[in-house]
Protein chains: 2
Amino acid sequence: MALPSTYADRNCSLARALEIVGERWTLLIVRDAFFGIRRFGDFASQLGIPRAVLTNRLKFLVQENVLERVDGEYLLTAKGLRLWPVLRAMMAWGDEHYSPGGARRTFRHDADGGLLDTGDRCSTCGEVVSAPDVRIEPGPGFDPGNATPDPVSALLNTPRRLLEPL
Amino acid sequence: MALPSTYADRNCSLARALEIVGERWTLLIVRDAFFGIRRFGDFASQLGIPRAVLTNRLKFLVQENVLERVDGEYLLTAKGLRLWPVLRAMMAWGDEHYSPGGARRTFRHDADGGLLDTGDRCSTCGEVVSAPDVRIEPGPGFDPGNATPDPVSALLNTPRRLLEPL
DNA sequence: TTCGGCCAGTTCAGTGAATGAACTGCCGAT
DNA sequence: ATCGGCAGTTCATTCACTGAACTGGCCGAA
């Protein structure tokens with residue numbers, strides 16, 4: 001997927017979106033950013049992605065204003081935060097079809113602890129919650145034996161709010 | 001993105017989902033399937049995708065039970081239909097950030113004509129609508145000058161229900 | 001001041017997938 | 001028999017990904 005890979009179909013916003021976040025690794029990088037990862041080395045070790053590719057992806061995401069660099073850290077911009085529903089929808093589909101033990105992660109409204117549906121609507125207060133107000137925790141389908149033992153993963157598998165730095 | 005590209009992170013359903021629909025072209029193929037395209041040649045000409053790649057992607061999607069072959073046509077399965085929210089979320093993001101003239105397509109509840117929000121909730125009846133009940137039409141940001149003149153595109157840019165064959 | 005470690009990013013050779021164009025083979029209609 | 005359209009294959013080329021080693025800046029300690 002070359003960078004200006006210009007899916008010819010300009011009249012479909014899906015094609016446009018895929019030009020930005022459709023490359024291999026990109027959405028996983030964005031996911032990790034939501035999970036609180038901010039530094040080059042943490043992205044690299046968490047994803048097992050070749051460093052050269054990571055450099056390219058981060059550069060591109062910054063250029064496209066999905067991430068911004070602040071004090072050497074990579075942070076999601078407002079535009080990047082709006083990708084949360086995309087990730088959420090994909091995770092829901094993956095849980096539904098590839099996780100027989102139930103969802104691997106559970107999402108709650110941090111303010112009132114209400115469970116969030118796949119559209120991030122809170123079962124307690126009824127509001128649609130945006131990313132910074134989401135708390136994420138291991139769900140019934142989470143497999144501890146499958147988790148890598150490094151300290152960063154351990155932190156990520158602990159209940160925590162989205163975007164909270166490690 | 002190799003086929004068993006095994007994003008190491010098995011405990012994230014996003015990684016699992018991306019192994020299925022994360023390859024280049026795949027989501028565009030699925031989108032076209034929602035738009036009513038069913039035949040090899042129509043996918044190929046509509047997407048401008050190399051035929052060898054199309055063959056691989058269709059084969060893989062059938063193997064993964066996202067599409068099924070019926071009478072030589074490629075149809076979305078129940079599992080494939082559940083990808084609609086993913087496409088919808090991506091289109092919404094693309095519209096929001098890359099379509100200054102407004103959304104390129106508008107979605108309505110076919111039964112009552114109500115506008116659908118980005119979570120496919122109908123503004124008239126309040127229900128969340130699933131793919132077969134969605135009607136799609138060119139939106140304010142649609143650029144007719146950008147549309148290719150072939151008859152298939154012309155059909156696709158006409159108001160119609162999702163999944164309706166050409 | 002110098003040494004060493006850590007972190008971010010680059011370089012590079014090897015591999016594998018995407019690309020685009022041409023080709024094959026299978027119908028069904030004339 | 002033959003023609004045309006459709007589905008899929010083949011093939012040489014190009015391009016991106018991979019993984020491992022390397023470079024260079026920035027500390028903090030000796």
Side-chain angles (χ1 to χ4, degrees), chain A residues 1-9 15 18-29 32-33 36-64 67-75 148 150-152 155 165-166, chain B residues 1-9 15 18-30 32-33 36-64 67-75 148 150-153 155 165-166:
Chain A
M1 203 170 289
L3 292 201
S5 62
T6 180
Y7 290 106
D9 191 348
L18 285 172
E19 287 177 18
I20 311 301
V21 297
E23 292 182 298
R24 186 144 148 77
W25 298 113
T26 300
L27 277 180
L28 292 175
I29 292 170
D32 277 6
I37 290 182
R38 299 179 164 192
R39 287 194 322 220
F40 185 93
D42 288 337
F43 284 111
S45 64
Q46 194 60 26
L47 295 170
I49 176 181
R51 305 168 76 78
V53 177
L54 181 57
T55 301
N56 286 340
R57 294 293 187 276
L58 289 172
K59 212 175 279 179
F60 183 64
L61 287 172
V62 168
Q63 177 192 317
E64 289 296 328
L67 298 179
E68 59 182 337
R69 274 202 91 167
V70 179
D71 294 337
E73 300 197 317
Y74 295 92
L75 304 183
T148 45
D150 65 287
V152 175
L155 254 184
L166 298 182
Chain B
M1 205 171 287
L3 291 202
S5 62
T6 180
Y7 290 108
D9 190 348
L18 285 172
E19 286 177 18
I20 312 301
V21 297
E23 293 181 299
R24 186 144 147 78
W25 298 113
T26 301
L27 277 181
L28 292 174
I29 292 170
V30 171
D32 276 6
I37 290 182
R38 297 178 165 193
R39 288 190 323 216
F40 185 94
D42 287 337
F43 283 111
S45 64
Q46 194 60 26
L47 294 172
I49 177 180
R51 304 167 79 79
V53 176
L54 182 58
T55 301
N56 287 339
R57 294 294 186 274
L58 289 172
K59 211 174 279 179
F60 183 65
L61 287 171
V62 168
Q63 177 192 316
E64 289 296 328
L67 299 179
E68 59 183 338
R69 273 203 92 164
V70 180
D71 296 337
E73 301 197 317
Y74 295 93
L75 305 183
T148 44
D150 64 289
V152 174
S153 296
L155 254 182
L166 299 182

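Proteins come first, then strands; the chains are lettered A, B, ... in the order of their sequence lines, and each starts at number 1.
Atom CZ in B/R24 sits roughly 10 Å away from atom P in D/dC17 (whole-Å rounding). Summarising the geometry, the separation between CD on B/E23 and C1' on C/dA17 is reported as 10 Å, rounded to the nearest angstrom. For the pair A/F43 CZ and C/dG9 P, the interatomic distance rounds to 11 Å; values are reported in whole Å. B/N56 places its CG atom 11 Å from the P atom of D/dT10, with the value rounded to the nearest Å. Across the protein-nucleic acid pair, A/I49 atom CD1 and C/dT10 atom C1' stand 15 Å apart, rounded to whole Å. Between the CG atom of B/D71 and the P atom of C/dG28 there is a distance of 13 Å, rounded to whole Å. Taking atom CG of residue B/L58 and atom C1' of nucleotide D/dT9, one finds them 14 Å apart after rounding to whole Å. In this structure, A/R57 atom CZ and D/dC17 atom C1' are separated by 9 Å, rounded to whole Å.
Considering only residues two or more places apart in sequence or on other chains, B/R69 meets the salt bridge (Lys or Arg N to Asp or Glu O under 4.0 Å) condition with none of them. When the side chain to side chain donor-acceptor pair (under 3.5 Å) test is applied to B/Q63, no partner is found at least two apart in sequence or on another chain.
For C/dA17, neither phosphate oxygen OP1 nor OP2 lies less than 4.0 angstrom from any side-chain nitrogen or oxygen of B/W25. The side chain of A/K59 contributes an N or O atom lying less than 4.0 Å from OP1 or OP2 of C/dT10.
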Look for any protein N or O under 3.5 Å of an N or O in nucleotides 4-7 of chain D and output each such pair with its distance, or none.
| unit_1 | atom_1 | unit_2 | atom_2 | d |
| --- | --- | --- | --- | --- |
| D/dA7 | OP2 | B/G41 | N | 2.8 |
| D/dA7 | N7 | B/R51 | NH2 | 3.1 |

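The shortest distance between side-chain heavy atoms of A/Q46 and A/I37 falls below 4.5 Å. B/F43 has its side chain out of reach of B/R57: every pair of non-hydrogen atoms, C-beta onward, lies at least 4.5 Å apart. Between B/R38 and B/D42 there is no side-chain heavy-atom pair separated by less than 4.5 Å. Under the 4.5 Å side-chain criterion, counting only non-hydrogen atoms from C-beta, B/E68 is not in contact with B/Y74.
Side-chain proximity of B/A52 to D/dT18, C/dA18, D/dT10: nearest is D/dT10.
Note that CG of A/L67 and NZ of A/K59 are 14.0 Å apart. Values are rounded to the nearest 0.5 Å.
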